[in-house]
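A short worksheet on the structure shown next.
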Amino acid sequence: MFHKLIENEYPQAKDIPKEGELYKIVNTFGRSFELRYGYYGEQDRKNPLCEPAVIYPDFLKEPVYTEEGIPFVTVIQDACGSYRGEAKRTPDTTCAECKFLQRGEDWFGICKSPMNRKANGDI
């Protein structure tokens with residue numbers, strides 16, 4: 001009985017993922033993305049209280065497009081100038097609230113705004 005009490009109070013530590021370890025592969029809109037564990041900044045890496053987190057692509061820094069020239073986005077990235085949504089735009093507004101977002105698997109989607117689409121020759 002005492003063993004169960006201790007187990008409930010102090011659950012066993014979970015396995016902490018290693019930096020660079022594969023979290024999963026996301027297949028969406030004809031593309032595959034490897035999600036790996038890592039740090040978003042050097043400050044996090046040096047902090048002993050921070051564990052590696054799942055790192056999503058930064059499509060603002062390195063755009064990726066579908067075969068049709070439609071840009072990939074993550075629902076957590078900052079909304080662009082094409083944002084159209086029910087909520088008033090603030091500095092914290094993300095793509096998740098935009099009517100142009102077409103959701104895919106996980107936190108991935110594509111932006112269907114005509115202003116963000118690339119011409120076939122530009123892909």
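One-based numbering along the sequence shown. Note: hydrogens, waters and symmetry copies are ignored here, and every other heavy atom, side chains too, is used.
Nearest heavy atom pair, residue F29 against residue R103, reads CZ-O, 3.5 Å. Among all heavy-atom pairs drawn from L49 and N47, the shortest one is N-OD1, 2.8 Å. Nearest heavy-atom pair across S82 and M115 is OG-CB, 3.7 Å. A pairwise comparison of heavy atoms in F100 and R84 identifies CE1-CG, 3.5 Å as the closest pair.
Between D106 and Y56 there is a side-chain heavy-atom pair separated by less than 4.5 Å. The closest side-chain heavy-atom distance from P57 to F108 is below 4.5 Å. With a 4.5 Å cut-off on side-chain heavy atoms, Y83 and K99 do not count as touching. You'll find the side chain of I110 reaches within 4.5 Å of the side chain of K112, heavy atoms only.
V54 is connected to V64 through a chain of hydrophobic side-chain contacts under 4.5 Å among Ile, Leu, Val, Met, Phe, Trp and Tyr, so both are in one cluster. With hydrophobic clusters built from ILVMFWY side chains whose heavy atoms lie under 4.5 angstrom apart, Y39 does not share a cluster with I55. Placement of L60 and Y40 in two distinct hydrophobic clusters is found when ILVMFWY residues are connected by side-chain heavy-atom separations under 4.5 Å, directly or transitively.
Considering SG of C50 and CD of Q43, their distance stands at 8.0 Å, rounded to 0.5 Å. Atom OH of residue Y37 and atom CD of residue E21 lie 6.5 Å apart, to the nearest 0.5 angstrom. Put simply, CH2 on W107 and OG1 on T94 are 10.0 Å apart, with the number rounded to the nearest 0.5 Å. Here OG of S32 is found 7.0 Å from CD1 of I25. Values are rounded to the nearest 0.5 Å. Expressed to the nearest 0.5 Å, how far CZ of R31 lies from CD of E67 amounts to 6.5 Å.
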Please tabulate, for side-chain N and O atoms in residues 70-78, each donor-acceptor pair with protein atoms closer than 3.5 Å (sequence neighbours left out).
unit_1 : atom_1 : unit_2 : atom_2 : d
T74    : OG1    : Q77    : N      : 3.4
Q77    : OE1    : T74    : N      : 3.2

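The backbone N or O of A79 lies less than 3.5 Å from a partner atom in the side chain of R89, making a donor-acceptor pair. Remark: side-chain polar atoms of T28 are paired, donor with acceptor, to backbone N or O of E105 under 3.5 angstrom. Under a 3.5 Å cut-off, the side chain of R117 and the backbone N or O of E68 do form a donor-acceptor pair.
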Residues R36, L22; criterion side chain to side chain contact (heavy atoms under 4.5 Å, CB included); working and verdict: CA-CA 4 Å; R36 296 191 175 272; L22 181 66; 3.6 Å; yes
Working note: N116 + C80, criterion side chain to side chain contact (heavy atoms under 4.5 Å, CB included); need CA distance, chi angles, decisive distance, verdict. CA-CA 9 Å; N116 292 336; C80 70; 3.3 Å; yes
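Using a 4.0 Å cut-off between a side-chain N of Lys or Arg and a carboxylate O of Asp or Glu, E42 and R45 qualify as a salt bridge.
Taking the six-membered ring for Trp and the full ring otherwise, the centers of F33 and F59 sit less than 6.0 Å from each other.
Open room surrounds CD on E86; 12 or fewer heavy atoms of other groups in view lie less than 6.0 Å from it.
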